[in-house]
Amino acid sequence: MRIGELARVTGCTPRALRHYEEQGLIAATRAANGYREYDDVAVTRVRNIRHLLGAGLTLDDVQVFLPCLDGDVAAAPPSPAGLRVGRERLAVLDARIAAQLAVRDRLAAALRDAAPALAGDDSPPTASSPAPRPTRAASTSPGL
């Protein structure tokens, strides 16, 4: 099958498929006209790649799973290498979430501190109303 059909069957874009090929995750042969041709195993492989990406792994992480991408990755027993990659990715995600929560908390605190300066109007401006002009009191309060 050609790249367009593989994309349609797997819900992937041709661009993503070319990228997976560049990364060595899938392989294609070339027809006489230069078009990429994929075998039926590519469907399973791409679906497994998408499953792993959907679980939060990166394409670099997926490399560890190359030996089992042609089978049922979701039902296969975990390997030590797969568990290690999963734990590492989870640690990265936990760190990102903690960093985002810290930013959120700082923003919430800044909004709480700025609310009295707006004379009780703590609602954000809507798209149809202009943003309120800063007053002298607002400009001396803790800023965002």
Side-chain angles (χ1 to χ4, degrees), residues 1-134 138-139 141-144:
M1 78 183 73
R2 284 200 246 160
I3 195 166
E5 184 179 354
L6 181 60
R8 184 183 53 76
V9 169
T10 60
C12 206
T13 65
R15 182 177 180 197
L17 294 172
R18 287 189 291 273
H19 187 64
Y20 298 165
E21 188 176 342
E22 288 171 7
Q23 298 298 309
L25 297 172
I26 62 174
T29 57
R30 294 289 183 152
N33 59 7
Y35 290 166
R36 289 175 168 86
E37 292 188 345
Y38 298 92
D39 58 20
D40 292 336
V41 175
V43 173
T44 301
R45 187 170 272 250
V46 170
R47 285 182 177 155
N48 281 326
I49 292 167
R50 308 260 307 158
H51 172 77
L52 293 169
L53 293 174
L57 301 182
T58 66
L59 285 179
D60 286 339
D61 297 335
V62 172
Q63 294 287 341
V64 172
F65 296 89
L66 273 175
C68 58
L69 285 180
D70 295 335
D72 188 353
V73 169
S79 70
L83 289 173
R84 178 185 47 77
V85 166
R87 287 184 184 114
E88 289 170 0
R89 186 58 42 210
L90 184 60
V92 169
L93 292 171
D94 284 342
R96 287 182 183 166
I97 290 168
Q100 288 296 303
L101 286 172
V103 169
R104 183 206 172 278
D105 290 347
R106 286 192 302 273
L107 178 58
L111 290 171
R112 264 192 322 273
D113 293 346
L118 294 175
D121 183 11
D122 60 350
S123 61
T126 62
S128 61
S129 66
R133 293 179 159 245
S139 65
S141 66
L144 301 178

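Between atom CZ of residue Arg18 and atom CD1 of residue Ile26 there is a gap of 10.5 Å, rounded to the nearest 0.5 Å. Atom CG in Leu101 sits 11.0 Å away from atom CZ in Arg106 (nearest 0.5 Å). We find the CD1-CG distance between Ile49 and Leu57 to be 12.0 Å, quoted to the nearest 0.5 Å. Note: Asp94 CG to Leu90 CG = 4.5 Å, rounded to the nearest 0.5 Å.
Side-chain atoms of Arg47 and Val9, non-hydrogen and from C-beta on, do get closer than 4.5 Å to each other. The shortest side-chain heavy-atom distance between Arg2 and Arg36 does not fall under the 4.5 Å cut-off. Using a 4.5 Å heavy-atom cutoff, the side chains of Asp70 and Asn48 are not in contact. A 4.5 Å side-chain heavy-atom check between Ile3 and Tyr35 finds every atom pair outside the cut-off. Inter-residue side-chain proximity for His51 and Phe65 is flagged as unmet; no heavy-atom pair is nearer than 4.5 Å. You'll find the side chain of Asp40 reaches within 4.5 Å of the side chain of Met1, heavy atoms only.
When the shell of 6.0 Å around CZ of Arg104 is examined, it contains 12 or fewer heavy atoms from other residues, nucleotides or ligands.
For the salt bridge (charged side-chain N to carboxylate O under 4.0 Å, His left out) test, residues two or more places apart in sequence or in another chain that qualify with Arg84 are Glu88. With sequence neighbours excluded, the residues forming a side chain to side chain donor-acceptor pair (under 3.5 Å) with Asp61 are Thr58, Arg89, listed by chain and number. When the side chain to side chain donor-acceptor pair (under 3.5 Å) test is applied to Thr44, no partner is found at least two apart in sequence or on another chain. Applying the side chain to side chain donor-acceptor pair (under 3.5 Å) criterion to Tyr38, with sequence neighbours excluded, gives Glu21. For Asp39, there are no side chain to side chain donor-acceptor pair (under 3.5 Å) partners at least two apart in sequence or on another chain.
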Side chain to side chain contact (heavy atoms under 4.5 Å, CB included) evaluation trace for Leu59 with His19: CA-CA 10 Å; Leu59 285 179; His19 187 64; 3.2 Å; yes
From CA spacing to verdict: side chain to side chain contact (heavy atoms under 4.5 Å, CB included), Val46, Leu69: CA-CA 8 Å; Val46 170; Leu69 285 180; over 6 Å; no
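The backbone N or O of Ala27 lies less than 3.5 Å from no partner atom in the side chain of Arg45, so there is not a single donor-acceptor pair.
The heavy-atom pair separating Val43 from Thr10 by the smallest distance is O-CG2, 4.0 Å. Looking at every heavy atom in both residues, Cys68 comes nearest to Val73 through O-CG2, 3.3 Å. Between Glu37 and Ala31, the shortest heavy-atom distance links the atoms OE2-CB, 3.4 Å.
For residues 71-81, no pair satisfies salt bridge (Lys or Arg N to Asp or Glu O under 4.0 Å), with sequence neighbours left out.
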